[in-house]
Number of protein chains: 2
Amino acid sequence: MHTRIEQLCLDKGMKMTEQRRVIARALSESTDHPDVEQVYQRASELDPRISIATVYRTVRLFEEANILERHDFGDGRARYEEAGHRDHHHHLINLRSGEVVEFESEELEALKRKIAVELGYKIVGERLELYGIPIDDGDEPKGAGQN
Amino acid sequence: MHTRIEQLCLDKGMKMTEQRRVIARALSESTDHPDVEQVYQRASELDPRISIATVYRTVRLFEEANILERHDFGDGRARYEEAGHRDHHHHLINLRSGEVVEFESEELEALKRKIAVELGYKIVGERLELYGIPIDDGDEPKGAGQN
DNA sequence: GTATGTGCAAATGATTTGCGTGCTT
DNA sequence: AAGCACGCAAATCATTTGCACATAC
């Protein structure tokens, strides 16, 4: 049995090396948004004979094949998640904990398209992230906030 | 007479060097979203005795003082624009020409807030960019966008 | 067997920083 | 005068790449 990602690679006729299999597995098993270093560590646990250069190359290959989606959450390194595996969604980054919350909104998708059309463009890519702090986190003692 | 940015610096009690004044001027005169290299070039034209290290330091200083807004349009370098100078807006990047189109939408702002509240967060930052191609531009984009 | 992938280390490119000197307050 | 600010070059950091060797098909 192989992973979803491995299957996609096979479908696309990629040459499947042990490294790619292992990286595919590491990614398929991830439910978060690991950066390359984390993918490297997870893959290394499955098979230590992997170099980080290969992880960079593979992650890039997968991204170009639309198997992975690359994100940039503002911390300077790229983060990845399996593409198309779930519904179209966006991310809200909890600035207190670093946690990434996924959300989706058909209303939002419609509005985006409407805005683009009004400007005379067809959307072919986008980036939408919200950065927030939990409400009732103790950050705003009483009514001191100035929303 | 000094620029809007220079005035802000003075208000904040910053030590005003000739370099800062010149960088402030270069930025105030810009209506686009220059990267550091461009700010450096524009500032150098006003006064050549400036090093790019100073531009990096100054642009960072201004950003931390909320005088500038930093953007990342996916080309690997940071781009800047004067903060709060105009209404809150977002960017649509024309992938054919690289042109950056600004847009705003109160509907979008409201929706963002609504989404955040439903998730239990208060938005303290965000990033929203659309990447598009002009409608009626002829052929399809090469990158096989499937967003 | 041949094209392609991999490991390693060196190269990049953007940005930051240590240090000695110069300028603002 | 004292403390930042500056210029320069070296240092970082994430990522890419050249090269010699290994491997999938």
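We name chains A, B, ... by the order of the sequence lines, and we start the count at 1 in each one. Quick caveat, the model's predicted, so the values are computed rather than measured.
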Once you round it to whole Å, what is the distance between [atom2] of [N] and [atom1] of [X]?
X	N	atom1	atom2	result
Leu10(B)	dT25(C)	CG	C1'	13 Å
Met16(A)	dA24(D)	CE	C1'	11 Å
Glu64(B)	dT15(C)	CD	C1'	13 Å
Asp47(A)	dT6(C)	CG	C1'	12 Å
Arg70(A)	dT16(D)	CZ	C1'	12 Å
Phe73(A)	dA14(D)	CZ	C1'	17 Å
Tyr56(A)	dG18(D)	OH	C1'	18 Å
Asp35(A)	dT15(D)	CG	P	8 Å

Quick one: does Glu118(B)'s side chain have a donor or acceptor within less than 3.5 Å of a partner on Ile115(B)'s backbone?
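No; zero donor-acceptor contacts below 3.5 Å.
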Is there a donor-acceptor pair under 3.5 Å between the side chain of Arg21(B) and the backbone N or O of Glu6(B)?
no
Pairwise distance CZ(Arg49(A)) to OG1(Thr54(A)) - rounded to 0.5 angstrom:
11.5 Å
From Ile23(A) CD1 over to Arg42(A) CZ, what is the distance, rounded to the nearest 0.5 angstrom?
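CZ of Arg42(A) is found 13.0 Å from CD1 of Ile23(A).
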Return whichever of Tyr80(B) or Arg21(B) has its heavy-atom-nearest nucleotide of DNA chain C closer to the 5' end.
Tyr80(B)
More than 12 non-hydrogen atoms from neighbouring residues, nucleotides or ligands closer than 6.0 Å to CZ on Arg127(B), yes or no?
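Check passes, neighbour count above 12.
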Would you call the rings of His33(A) and His71(A) parallel, tilted or perpendicular, taking 30° and 60° as the class edges?
perpendicular
Any chance you could list the contact pattern along nucleotides 5-13 of chain D? Use B for base contacts, S for sugar-phosphate-only contacts and - for none, protein heavy atoms under 4.0 Å, 5' to 3'.
SSBB-----
Take the C1' atoms of the five end pairs on each side of the helix from dG1(C)-dC25(D) to dT25(C)-dA1(D), get both axes, and report the angle to 10 degrees.
30°
For residues Glu129(A) and His91(A), is any side-chain donor paired with an opposing acceptor at under 3.5 Å?
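No, because no side-chain N or O of Glu129(A) sits under 3.5 Å from a partner of the opposite role on His91(A).
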Of all heavy-atom pairs between Arg25(B) and Thr3(B), which one has the smallest distance, and what is that distance?
CA-CG2, 3.8 Å
What I'd like to find out is whether the side chain of Arg57(B) reaches to under 4.5 Å of the side chain of Arg20(B), using heavy atoms alone.
no
